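Some notes on the structure that comes next.
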Amino acid sequence: MSGSEASAPALVWFRNDLRLADNPALAAALEGGYTPIPIYIHAPEEGGDWRPGAASDAWRHRSLAALDSTLRQRGTQLRHFVGPSLVTLQAVVAATGAEAVFWNRRYEPAFERRDARIKQTLRGQGIRVESFNSALLFEPWTLQTQQRGPFKVFTAFWRAALASWRTEPCLPAPGAIAAWEGGPEGVPLAALRLRPQRDWDGGFWKEWSPGEAGAHQMLEIFIEGALRGYDGQRDFPGRVGTSRLSPHLHFGEIAPWRVASALEAQRSAASGRDIDSALRELGWREFAHHLLHHFPHTPERNFNPRFDDFDWARIARDRLEAWQRGNTGVPIVDAGMRELWHTGWMHNRVRMVVASYLTKHLRYHWRHGARWFWDTLVDADLANNTLGWQWVAGTGADAAPYFRVFNPLTQAEKFDADGHYIARWVPELASLPAPLRLAPWRDATTSRRLAPGYPEQPVVDLAAGRDAALDRYRKLRAD
DNA sequence: CAGTAATTTTT
DNA sequence: AAAATTACT
């Protein structure tokens, strides 16, 4: 390919695979002897009801900038376009004489449909089109029960996955990449308007470094740090106990098999329990993607249709807003919601707690919570978000006991006993003694004095909320 | 078809 | 220790 005659160009269409290492589509273009033309197409409306939210856009802006800069270091660059995707691909193919288009697959229903149509159309026009796996350890059609159906139970799913462990090989990032001169340049990144209009995301970037380098750094930090003790520590939101890889994985800045192999490489240095536990979390991510592929209606509708008749409460604007803004009067819930608002991320344990409070105590349909998370999380991911919310609401794949209602106080006592996490995100509670910090309503006088402005009572009383929820769940069971 | 296992919980 | 239900083998 280094000869004097230029090789034919191929488009490498970047989507949620914003990396150069472990990128099968890019590797295929290079191996095929093509000159890659890296492109990104902004077409948010093609996500249907799930066009990316503001936090996601803010992350993507930075991740695209990082990708472009690493491509430039190698001699080429990323061209940005504003969609629609098919029309754009056709135009760029026509203008550059590209002979092939390569991309890595996505599994969201809207994108599966779109990509199938694009693939068929382009092939019909005589263009070579290939898609690859970049996002998963196991693609949804590679694992099935012995009855040849999709798994609906995580444990069985993960057992089968471990038994047939075969993941993609780790590929180093390519060195120099020849540039293709000519053809449409596209628009500047800024023209995609992914950046927030107002500067509300300032707090994010102290915590996060979007892009492939940031992803690998985060993995390194995890392997060197929180992996030891992960199994026991990952549930404590006030400690650095998790990998914090979720946004990096969502945008494909790092391959899941790269993470898995880095974990496996620690077998002699870290405990098997911690490693297995971390791998299992990757497994939940896999499971979520499989479920979304096989049950594409679940972002909208209950996985378990029995719940279609469930008696959700009518939304009261101010109550929903109290939850969104972290003003419910339940400290662990408010801490989580404010962490989300300030950093674009929330600890997983707390996600379960706030989701339970919304769907059980407030008895609001899980889709209101799913929507808020979608708009505010930097790791917003349709598969993970859908599984998570349906799991907590009890409408999901698991045979959930209807009485699984998280008690936010018990959760706080177990996982934030010293109230450090709460104090960090709800500073007006910081001057309360720790036990009261978890439940300020226990001493209204002291709380009023030391934490003025914080709600004196939860919007929904913990015991009453639980009872009311159980009541409705029982009712559902009756018929 | 029956037995097993599960489920990041609660009181 | 018990609350309940389902998937999977």
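Only a predicted model underlies this, so the values are computations on that prediction, with no experimental measurement involved. Chain identifiers are assigned alphabetically (A, B, ...) following the order of the sequence lines, protein sequences preceding nucleic acid strands; residue numbering begins at 1 within each chain.
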query = So what does A/Phe154 touch, heavy atoms closer than 4.0 Å: a base, only the sugar-phosphate, or nothing?
reply = nothing
Picking from C/dA7, C/dT9, B/dT9, the nucleotide nearest the side-chain atoms of A/Val153 would be C/dA7
Whole-Å distance, A/Arg159 CZ to B/dT4 P, equals 14 Å
**Asked** Within the structure, does a side-chain N or O atom of A/Gln147 lie under 4.0 Å from either OP1 or OP2 of C/dA7?
**Response** no
From CZ of A/Phe287 across to P of C/dA7 the rounded distance in Å is 11 Å
Only distances under 3.5 Å count here; give the side-chain donor-acceptor pairs of residues 153-171 of chain A to other protein atoms, sequence neighbours excluded, each with its distance to 0.1 Å.
residue	atom	partner	partner atom	Å
A/Ser164	OG	A/Ala160	O	3.1
A/Glu168	OE2	A/Asn133	ND2	3.1

Donor-acceptor pairs under 3.5 Å, side chain of residues 47-60 of chain A to any protein atom, not counting sequence neighbours: which ones?
residue	atom	partner	partner atom	Å
A/Trp50	NE1	A/Glu300	OE2	2.7
A/Trp59	NE1	A/Glu253	OE2	2.7
A/Arg60	NH1	A/Asn16	OD1	3.1
A/Arg60	NH1	A/Tyr40	OH	3.4

Sequence neighbours excluded, the answer for salt bridge (Lys or Arg N to Asp or Glu O under 4.0 Å) partners of A/Arg273 is A/Asp231
If you compare every side-chain N and O of A/Lys414 against the phosphate oxygens of B/dT10 (OP1, OP2), does one of them come in below 4.0 Å? yes
Distance to the ring centre below 6.0 angstrom and angle to the axis at most 45 degrees; does that hold for A/Arg15 and A/Trp13? yes
Side-chain contact check for A/Thr155: nearest option of B/dT11, B/dT7, C/dT6 is B/dT7
note: A/Leu291, atom CG; C/dA7, atom C1'; distance rounded to Å ~ 13 Å
Is A/Asn407 close enough to B/dT11 that one of its side-chain N or O atoms is under 4.0 Å from OP1 or OP2 there? yes
Residue pairs passing the salt bridge (charged side-chain N to carboxylate O under 4.0 Å, His left out) test with at least one member in residues 204-216 of chain A, sequence neighbours excluded, are A/Glu207-A/Arg244, A/Glu207-A/Arg424
Per atom distances to the A/Arg349 side chain, the nearest of C/dT9, B/dT9, B/dT10 is B/dT9
- Query: Is the closest basic N to carboxylate O distance between A/Arg106 and A/Glu112 below 4.0 Å?
  - Reply: no
When rounded to whole Å, the CZ to P distance for the pair A/Arg474 and C/dT5 reads 12 Å
With sequence neighbours left out, the residues meeting side-chain hydrogen bond (donor to acceptor under 3.5 Å, both in side chains) with A/Thr70 are none
Here the distance between atom C1' of B/dT9 and atom CG of A/Asp467, to the nearest Å, is 15 Å
Here the distance between atom P of B/dT11 and atom NZ of A/Lys360, to the nearest Å, is 13 Å
Side-chain atoms of A/Arg306 come closest, of B/dT7, C/dT9, C/dT6, to C/dT6
Here the distance between atom P of B/dT7 and atom CZ of A/Phe157, to the nearest Å, is 13 Å
Any side-chain N or O of A/Ser356 less than 4.0 Å from the OP1 or OP2 oxygen of B/dT9? no
Each base of DNA chain B marked ( ) or [ ] if paired in-strand (Watson-Crick or G-U under 3.5 Å), | if paired to another strand and . if unpaired gives .||||||.|||
Taken to the nearest whole Å, CZ/A/Arg466 to P/C/dA3 is 14 Å
